[in-house]
Every structure is written in C-alpha cells, then in structure tokens.
Novice: 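One structure, pasted below without further comment.
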Amino acid sequence: MSDTLILPAEARERAGKGASRALRREGRVPAVVYGGKEEPTPIHVEEKELIKQLMTGHFMNSIVKVSIDGKEVRTIPKDVALDPVTDRPIHADFFRLSKDAKIEVSIPVVFTNEEASPGLKKGGVLNVVRHELELVCEADKIPNEIEISVEGKEVGDSIHISEVTLPAGSESAITDRDYTIATFVAPSALRQSEEQEDEEEIPADGVAATEQGPDDDAAQEQEDKAPDGE
C-alpha cells in the first residue's frame, strides 16, 4: 500500500499572482487544499520538501497529511504544475479526504513471471497497451502498483482487465468494457504494425523525389525553351 506522507505547510494570507511570485522567490510553492464539503484553504509549502516527496515516484498515489500550522489534513495530491522551462513546481492542488472516501487514481502496472511465458520464451514480444490502470480506491487502501502475471501466455494471447485480481478496496473505474492491457505478438507482427504506422504518418509532399518518378512535363518545357541547335 502507498505510504502516508507528511507535508508541512503554512496558511496563505494573500492570494494573487504578485503574492505567488513573492512566495516562489522565497523558495515556497503556493498551493490549495479543497474538497470534503469545506471551503478551499490556500497554503504554501517548502519547494525543496515538495520536490523531495515528488522524487519518491509515488507521491501522486499517496495519502499526504498536509500539516497546516500544526493541524493535519488528510489529502491526496491532484495536480502539481511545473515551470515549462525549469521544471520547478509552481503550484500544487490537494484534495481533502473525508472519512471512508473513495477516489479515482491511476496506478502503474508491473508484469511478473515473464520467464514462465511460453510465448516470450519463443521470442514473442509483450506489447503493453496500458501502462496504468484507472481505479477507484478506498482512500486508505491505494496500491503503489498492480502486478500482473504473464505465466502461461502464448503469442496471440491478450490480457484484459477482467483477468486481473485487484487488491481489496479497489475496482476498475472503467466498467463499460473489458479493455485490453497487453498483447503478446510475434516480433515480425509488431515490426509490421510499426512500419504501417510510420507510412500513414508520411505526408504526400514528404515523399522523396526519387520515389515520385521523373518530372516529364518540366523536362519537356525546358527542351521547348532551348534555342535551336543546342
């Protein structure tokens, strides 16, 4: 299960772009805690601490206790905006969790037992269609990842969401179809598929001149313009 993280914060007294820029110059990141049928709470957090927690790799799927002036609020991060040039965090949103809350999250997929797949042993390729699963989870039971075994899978097989045993407290957010998570294909089939995609992406005017054939009209026009005897 995801670890619970603690993020110290302070209440924001002023809002607006000017106040936010001033906070960033001081090494702070403006943020807001919202949801739970309460008014949004503007806060700011230390940039270094936020980056440290982002670097854990599971920050967005973790319960984060935001400590606002000594009072802890259970939240889950909903968005961290990054500067397009420096990649530094410039704003963060945290969703306040009520008791027994359920939330929709994206959980990464990890495939196991590849050595026990006859198809992969024969040279087949695991073609991952979805690297993450959209799940609805109980707030205190959010998994770090979903493990899917490929044991016994042959070339031509597929893995669908209906085959996956989800942990207690989790269910698929997509319920209208039995969607594909991965397929097992022969290397030649994968290569052919990629080549077809490449061909579809080439615009008509991007074809090399040698592939278009000689420009007969242009050649005839030059011949007509040439003086006699040349």
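Count residues from 1 along the sequence.
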Novice: Are Tyr179 and Ile148 connected in the hydrophobic side-chain network, where two residues link if heavy atoms are under 4.5 Å apart?
Specialist: yes
Novice: Rounded to the nearest 0.5 Å, what separates atom CG in Asp157 from atom CD in Glu163?
Specialist: 8.5 Å
Novice: How about Ile103 and Leu97: do any of their side-chain heavy atoms sit closer than 4.5 Å?
Specialist: yes
Novice: Test side-chain contact (heavy atoms from CB on, under 4.5 Å) on Val80 and Met60; report intermediate values, then the result.
Specialist: CA-CA 9 Å; Val80 177; Met60 300 302 293; 4.2 Å; yes
Novice: What are the two closest heavy atoms between Gln53 and Phe59, and how far apart are they?
Specialist: O-CB, 3.3 Å
Novice: Any chance you could measure Glu46, atom CD, to Ile51, atom CD1, to the nearest 0.5 Å?
Specialist: 9.5 Å
Novice: Within the structure provided, determine whether Leu133 and Val109 are in side-chain contact (heavy-atom separation under 4.5 Å).
Specialist: yes
Novice: Say whether, by atom type as modelled, one donor and one acceptor occur between the side chain of Ser62 and the main chain of Val64 under 3.5 angstrom.
Specialist: no
Novice: Find the distance between CD (Glu171) and CD (Glu104) and round it off to the nearest 0.5 Å.
Specialist: 10.5 Å
Novice: If I compare all heavy atoms of Ser158 with all of Lys153, which pair ends up nearest, and what's the gap?
Specialist: O-NZ, 3.6 Å
Novice: Is it true that atom CD of Glu13 has more than 12 heavy atoms of other residues, nucleotides or ligands lying nearer than 6.0 Å?
Specialist: no
Novice: Could you check whether Thr112 and Glu147, counting side-chain N and O atoms only, form a donor-acceptor pair closer than 3.5 Å?
Specialist: no
Novice: With a 4.5 Å heavy-atom cut-off, do Ile159 and Phe184 have their side chains touching?
Specialist: yes
Novice: Can you tell which of Val125, Val155, Leu126, Asn113 makes a side-chain contact (heavy atoms from CB on, under 4.5 Å) with Leu120?
Specialist: Leu126
Novice: Do Arg12 and Ile43 touch side chain to side chain, with heavy atoms closer than 4.5 Å?
Specialist: no
Novice: List the atom of Asn61, the atom of Ile142, and the distance in Å for their closest heavy-atom pair.
Specialist: O-CG2, 3.2 Å
Novice: Identify the heavy atoms of Glu134 and Ser106 that sit nearest to each other, and give their distance.
Specialist: OE2-OG, 2.7 Å
Novice: Same cluster or not: are Leu54 and Ile6 linked, directly or through other Ile, Leu, Val, Met, Phe, Trp or Tyr residues, by side-chain heavy atoms under 4.5 angstrom apart?
Specialist: no
Novice: Are the side chains of Lys122 and Glu154 in contact, using a 4.5 Å heavy-atom criterion?
Specialist: yes
Novice: Please say yes or no: joined through hydrophobic side-chain contacts below 4.5 Å, possibly via intermediate residues, are Val128 and Val150 part of one cluster?
Specialist: yes
Novice: Would you mind reporting whether Ile76 and Phe95 have side-chain heavy atoms less than 4.5 Å apart?
Specialist: yes
Novice: Under 3.5 Å, is there a donor on one side chain and an acceptor on the other for Thr41 and Arg96?
Specialist: yes
Novice: Run the side-chain contact (heavy atoms from CB on, under 4.5 Å) test on Lys78 and Tyr34 for me, step by step, so that the C-alpha distance in whole Å, both residues' side-chain angles and the decisive distance to 0.1 Å come before the verdict.
Specialist: CA-CA 10 Å; Lys78 295 301 289 183; Tyr34 68 97; 3.4 Å; yes
Novice: State, to 0.1 Å, how close Pro143 and Ile146 come at their nearest heavy-atom pair, and which atoms those are.
Specialist: CG-CD1, 4.0 Å
Novice: Between atom OG of Ser170 and atom CD of Glu138, what is the distance when rounded to the nearest 0.5 Å?
Specialist: 7.5 Å
Novice: Kindly compute the distance separating NE2 (His160) from OG1 (Thr180), expressed to the nearest 0.5 Å.
Specialist: 3.5 Å
Novice: I'd like to check the ring pair (Phe, Tyr, Trp, His ring centres under 6.0 Å) partners of Phe111; sequence neighbours left out, ordered by chain and number.
Specialist: none
Novice: Given side chains that start at C-beta, do those of Ile161 and Ile174 come closer than 4.5 Å, heavy atoms only?
Specialist: no
Novice: Between Glu72 and Val66, is the side-chain contact (heavy atoms from CB on, under 4.5 Å) condition met? List the steps.
Specialist: CA-CA 5 Å; Glu72 289 187 348; Val66 179; over 6 Å; no
Novice: Let me check something: any side-chain donor-acceptor pairs from residues 20-29 under 3.5 Å, sequence neighbours excluded? List them with distances.
Specialist:
unit_1, atom_1, unit_2, atom_2, d
Ser20, OG, Gly16, O, 3.1
Arg24, NE, Ile90, O, 3.0
Arg24, NH2, Ile90, O, 2.9
Arg28, NE, His44, ND1, 3.0
Arg28, NH2, His44, O, 3.2
Arg28, NH2, His44, ND1, 3.3

Novice: Does a side-chain heavy-atom distance below 4.5 Å link Val73 with Ile68?
Specialist: yes
Novice: With rounding to the nearest 0.5 angstrom, report the NE2 to CG distance, His91 to Leu82.
Specialist: 12.5 Å
Novice: As a quick check of understanding, evaluate side-chain contact (heavy atoms from CB on, under 4.5 Å) for Glu49 and Leu7, giving each step before the final call.
Specialist: CA-CA 8 Å; Glu49 181 60 26; Leu7 183 64; 3.6 Å; yes
Novice: Search all heavy atoms of Gly123 against all heavy atoms of Pro187 and return the closest pair with its distance.
Specialist: O-CG, 2.9 Å
